[in-house]
Protein chains: 2
Amino acid sequence: MKKIGIKDIALRANVSTAIVSYVMNGTRNVKPETKERVLKVIEEFNYRPNAIAQSLKSRRTNTIGVIAEDITVFNTPEIIDGINDYAEQHDMHILLTNLRLQKKVGYNYADTASYQKHAQNAVSDLVSNQVEGIVYIGVHPRDLTGLIHTNDKPIVYTYCYAQNECSIQYNDEQASYDAIQYLVSKGHSRIAVISGLMDSIPSRLRFNGYYKALTEFQLYFDPQFIKVGDWGGESGYQLLGELMELPDPPTAILVMNDLMAAGALRAAAERGISIPRELSVVGFDNREFSAYLNPRITTMDLPLHDMGILAMKTLCNRISGKEETIEEPPLCKLIERDSVAGPRTSIK
Amino acid sequence: MKKIGIKDIALRANVSTAIVSYVMNGTRNVKPETKERVLKVIEEFNYRPNAIAQSLKSRRTNTIGVIAEDITVFNTPEIIDGINDYAEQHDMHILLTNLRLQKKVGYNYADTASYQKHAQNAVSDLVSNQVEGIVYIGVHPRDLTGLIHTNDKPIVYTYCYAQNECSIQYNDEQASYDAIQYLVSKGHSRIAVISGLMDSIPSRLRFNGYYKALTEFQLYFDPQFIKVGDWGGESGYQLLGELMELPDPPTAILVMNDLMAAGALRAAAERGISIPRELSVVGFDNREFSAYLNPRITTMDLPLHDMGILAMKTLCNRISGKEETIEEPPLCKLIERDSVAGPRTSIK
DNA sequence: TGCGCAATGTAAAACGTTTAAATAGGGTGA
DNA sequence: TCACCCTATTTAAACGTTTTACATTGCGCA
C-alpha cells in the first residue's frame with residue numbers, strides 16, 4: 001500500500017498538483033467549487049503533506065534545535081516547557097539533544113576541549129538537519145563564549161553565560177537584593193550569606209545584590225558573615241555551624257541555593273536551633289524538595305518557564321531578522337513559606 | 001553567500017555528485033586517490049549534507065517522535081534521558097512534543113474527548129514530519145488503549161497503560177512485594193499500606209504485591225491497615241493519623257508514593273512519633289525531595305532511565321520489522337535510607 | 001588479438017512538494 | 001471586432017540528495 005501524495009490527491013480531484021498546494025496553503029485564489037472538491041478528497045484520504053518535501057522546497061523547516069546540557073537537572077524541563085509553549089503557538093517543532101554532561105563518563109567541567117567537541121557535534125548535527133536556530137540550555141558553571149559556532153544560524157543561550165552572545169538570564173542581583181529587602185522588612189539587620197563557589201558568575205551577582213542591599217539599608221556588615229560554600233548540602237551544613245558559633249551570630253541567612261539551605265536546616269536541627277523562631281533562612285531555586293523540608297523553606301523561585309518563552313521569542317526574532325528588541329530579563333519571585341520570621345529580639 | 005551543496009563539492013573535486021555521495025556514505029568503492037581528493041574538499045568547505053534532502057530521497061529520517069504528557073512531571077526527564085542515550089548511539093534524532101496536560105487550561109483527565117483531540121494532533125504532526133516511530137511518555141492515570149492512531153507507524157507507550165498496545169512498564173507488583181519482604185527482613189509483621197486511588201492501575205498492582213507478600217510470609221492481616229489516599233501529601237498526613245489511632249497500630253507502613261510519605265512524616269512528627277524508632281516507612285518513586293526529608297525516606301527507585309532505553313529498543317525493533325522479543329520489564333530498586341528500622345518491640 | 005570482467009566513473013531520474021511562468025477562457029471598453 | 005485584462009488553472013523547474021543504469025578503462029587470459 002503506497003503512501004498517498006499530492007499527485008494522488010490532484011488526480012482524484014481532477015486538478016493539477018499546484019491547485020492542491022494552493023488550496024492547502026491558501027497562497028492563491030482558487031475557485032470555491034474547485035477548492036471544495038480538493039478539500040473533500042484530502043479529507044477522504046486523510047492526506048497530510050510530507051513536511052520533509054515541503055521543507056526541501058520551501059527552505060523552511062519550522063524546526064528549532066534545543067540543546068540541553070542535562071535534561072535531568074531541575075531547571076531544564078521547565079525551560080523546555082516554555083520553549084514548547086512558544087513553539088506550539090507558532091507551529092514550530094523541537095529537535096532535542098541532551099548533552100548529558102553530568103553523567104557522561106570521563107567528563108568534567110574543567111575539560112573544555114572534550115566539552116567543546118561534544119557540544120559542537122550536537123550543533124553540527126542540528127544544523128545539518130536544517131534547524132532554523134538553536135536554544136542552548138545550560139546549567140551555569142561555565143562561560144560558553146566562543147566555544148560553539150553555528151555557521152551563522154542564530155543561537156540563544158539560557159541558564160548559562162556567554163558574554164558576547166545572546167543569552168537570556170533572570171536577574172540574579174535583583175533577586176538577592178529582593179531577598180535581603182524582605183528580611184529587612186521582617187525586622188532583620190544582622191544578615192549573613194552562604195554563597196556558592198566564588199568563581200561562578202551567579203555567586204558573584206547574588207553577592208552583589210546582597211552587598212548592595214546591605215549598603216543601601218545601612219545594615220550591619222561583618223566579613224565573618226560571608227561564608228563560601230560549594231553548592232552542595234554538606235557545605236551548607238558545615239557553614240551554618242560556623243556562623244552560629246560566632247560570638248554574635250546573625251539572625252537571618254541568605255543561602256544561595258536550596259541544596260545548601262537543606263544542609264543548613266539539618267545543622268540547625270541538630271544544634272537545637274529553632275527555625276524560624278531563632279534563625280530565619282531564605283533559599284534560592286525553589287527546588288521541589290524545599291516545599292517538603294521541615295520547616296518549608298522560603299525561597300526564590302526562578303522564572304524558568306518565562307525564560308524558555310523569552311529565549312524562543314528572541315530566537316525567532318533573530319531568525320526572521322527582526323530588530324533586536326532588548327527585553328527586560330524575567331524576574332525571580334520570592335515564595336514565602338515557613339523559614340522566615342522576625343528576629344528573636346523583636347519578639348516579646 | 002550561497003549555501004554550498006553536493007554539487008559545489010563535486011565541481012571542486014572534479015567528480016560527479018554521485019562520487020561525493022559514495023564517498024560520504026561508503027556505499028561503493030571509490031579509487032583511494034579520488035576519495036582523498038573529495039574528502040579534502042569536503043573538509044575544506046566544512047560541507048555537511050542537507051539531511052532534509054537525504055531524507056526525502058532515502059525515505060529514512062532517522063528521527064523518532066517523543067510525546068510527553070507533561071515534561072515537568074518528575075518521571076519524564078529521566079525517561080527522555082534514556083531515550084536520548086539510545087538515540088545518540090544509533091544516530092537517531094528526537095522530535096519532541098510536550099502535551100502539557102496538567103497545565104492546559106480547561107483540561108482534566110476525565111475529559112477524554114479533549115485529550116484525544118490534543119494528542120491526536122500531536123501524533124499527526126509528527127507523522128507528517130516523517131518520524132519513523134513514536135514514544136509516548138505518560139503520567140499514569142488513564143488507559144490509553146485505542147485513543148490514538150498512528151497510521152501504521154509504530155508507537156510504544158511508557159509510564160502509562162495501553163492494554164492492547166505495546167507498552168513498557170516496570171513491575172509494580174514485584175516492587176511492592178520487595179518492599180514488604182524488606183520490612184519483613186527487618187522484623188516487621190504488622191505492616192499497613194497507604195494506597196493511591198483504587199481506580200488507578202498502579203495502585204491495584206502495588207496492592208497485589210502487598211497482599212501477595214502478606215500471604216506468603218503469613219503476616220498479620222487487618223482490613224483496617226489498608227488506607228486509600230489520593231496520592232497527595234495531605235492524604236498521607238490524614239491517613240497516618242488514622243492508622244496510629246488504631247488500638248493496635250502497625251509497626252511499619254508502605255506508602256505508595258513519596259508525596260503521601262512526606263505527609264505521613266509530618267503527621268508523625270506532630271504526634272511525637274519517632275521515625276524509624278517507633279514506626280518504619282517505605283515510600284515509592286524516589287522523588288528528589290525524599291532524600292532531604294527528616295528522616296531521609298527509604299523508597300523504591302523507578303528504573304526510568306532503563307524504561308526509556310527499553311522503549312527505544314522496542315520501538316526500533318518494530319521499525320525495522322524485527323521479531324518482537326519479549327523483554328523482562330526493568331525492575332525497581334529499593335533505596336535504603338533512614339526511615340526503616342526493626343520494630344520497636346524487637347529493640348531491647 | 002579479442003573477450004569477459006572488475007573497478008571506477010557519469011548522467012539523469014527520482015523523492016514530494018512549491019512556485020514562477022505560461023496558458024486558457026472569458027468578459028469589457030473602444 | 002480587436003486588444004486588453006482578469007481569473008482560474010496548468011506546466012514544469014527546482015529544492016539537494018541518492019541511486020539506477022549505463023559508459024569507460026584496463027587487465028588477465030585463452
Side-chain angles (χ1 to χ4, degrees), chain A residues 1-39 41-42 45-63 91 93 125 127-132 151, chain B residues 1-39 41-42 45-63 91 93 125 127-132 151:
Chain A
M1 167 185 125
K2 204 182 129 285
K3 187 90 172 96
I4 64 157
I6 199 173
K7 283 190 206 151
D8 305 281
I9 301 301
L11 195 67
R12 260 75 168 189
N14 211 22
V15 292
S16 71
T17 61
I19 289 295
V20 180
S21 173
Y22 293 141
V23 167
M24 289 191 301
N25 304 316
T27 39
R28 207 131 123 186
N29 266 352
V30 173
K31 190 158 61 165
E33 96 190 32
T34 318
K35 188 170 177 175
E36 196 64 26
R37 190 152 32 95
V38 171
L39 250 19
V41 179
I42 288 180
F45 287 82
N46 189 29
Y47 165 68
R48 294 276 172 279
N50 180 326
I52 295 289
Q54 289 181 311
S55 295
L56 180 60
K57 179 58 192 166
S58 67
R59 310 163 130 285
R60 298 217 55 213
T61 57
N62 288 325
T63 300
D91 265 311
H93 300 104
D125 213 43
V127 170
S128 143
N129 275 274
Q130 312 300 116
V131 298
E132 302 186 7
N151 226 29
Chain B
M1 168 184 126
K2 203 181 131 285
K3 187 90 174 94
I4 63 157
I6 198 173
K7 283 190 206 152
D8 306 280
I9 301 301
L11 195 67
R12 259 74 169 191
N14 210 22
V15 292
S16 70
T17 62
I19 290 295
V20 180
S21 173
Y22 293 142
V23 167
M24 288 191 302
N25 304 315
T27 39
R28 209 150 110 181
N29 267 351
V30 173
K31 191 157 61 166
E33 95 190 35
T34 320
K35 186 169 177 174
E36 196 66 24
R37 189 151 33 96
V38 171
L39 250 19
V41 179
I42 288 179
F45 287 82
N46 189 30
Y47 165 68
R48 294 277 171 279
N50 179 327
I52 295 288
Q54 289 182 312
S55 295
L56 180 59
K57 178 60 191 166
S58 67
R59 308 162 128 286
R60 300 217 54 214
T61 57
N62 288 324
T63 300
D91 264 311
H93 300 104
D125 212 42
V127 170
S128 144
N129 276 272
Q130 311 300 116
V131 298
E132 302 186 6
N151 226 29

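To find a chain, count down the sequence lines: A is the first, B the second, and so on, and within it residues start at 1.
The side chain of Asn29(A) has dA8(D) as its nearest neighbour among dA8(D), dT11(D), dT8(C). The side chain of Met24(A) sits closest to dT18(C) out of dT18(D), dT10(D), dT18(C). Checking dT9(D), dC15(C), dT17(C) against the side-chain heavy atoms of Val30(A) singles out dT9(D) as nearest. Distance from the side chain of Tyr47(B) is smallest to dT17(D) among dT17(D), dG16(D), dT17(C).
Of the residues in residues 7-15 of chain A, those with a non-hydrogen atom less than 4.0 angstrom from any atom of DNA chain D are Val15(A).
Atom-to-atom distance recorded for Met24(A):CE and Arg48(A):CZ is 10.5 Å, nearest 0.5 angstrom. In this structure, OG1 in Thr61(A) is found 4.0 Å from CD in Glu132(A), a value given to the nearest 0.5 Å. Separation of atoms OG (Ser128(A)) and NE2 (His93(B)) is listed at 7.0 Å; rounding is to 0.5 Å. To the nearest 0.5 Å, atom CD1 of residue Ile42(A) and atom CG of residue Asp8(A) are 12.0 Å apart. The structure places CD of Gln54(A) at 11.0 Å from CD1 of Ile52(B), a figure rounded to the nearest 0.5 Å.
Lys35(B) and Val30(B) get closest at one heavy-atom pair: N-CG1, 3.8 Å.
Across all strands shown, Ser55(B) has no heavy atoms under 4.0 Å from either base or sugar-phosphate atoms.
OP1 or OP2 of dG16(C) lies within a sub-4.0 Å distance of a side-chain N or O belonging to Arg59(B).
Looking only at side-chain heavy atoms (C-beta outward), Ser21(A) and Ile6(A) come within less than 4.5 Å of each other. At a threshold of 4.5 Å between non-hydrogen side-chain atoms, the residues Arg37(B) and Val15(B) count as touching.
Taking atom NZ of residue Lys31(A) and atom P of nucleotide dG26(C), one finds them 10 Å apart after rounding to whole Å. As a whole-Å value, the separation of Arg48(A) CZ from dT17(C) P is 12 Å.
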List, with names and distances, any nitrogen or oxygen atoms from the protein found under 3.5 Å away from nitrogen or oxygen atoms belonging to nucleotides 19-28 of chain D.
| unit_1 | atom_1 | unit_2 | atom_2 | d |
| --- | --- | --- | --- | --- |
| dT20(D) | O4 | Tyr22(B) | OH | 3.0 |

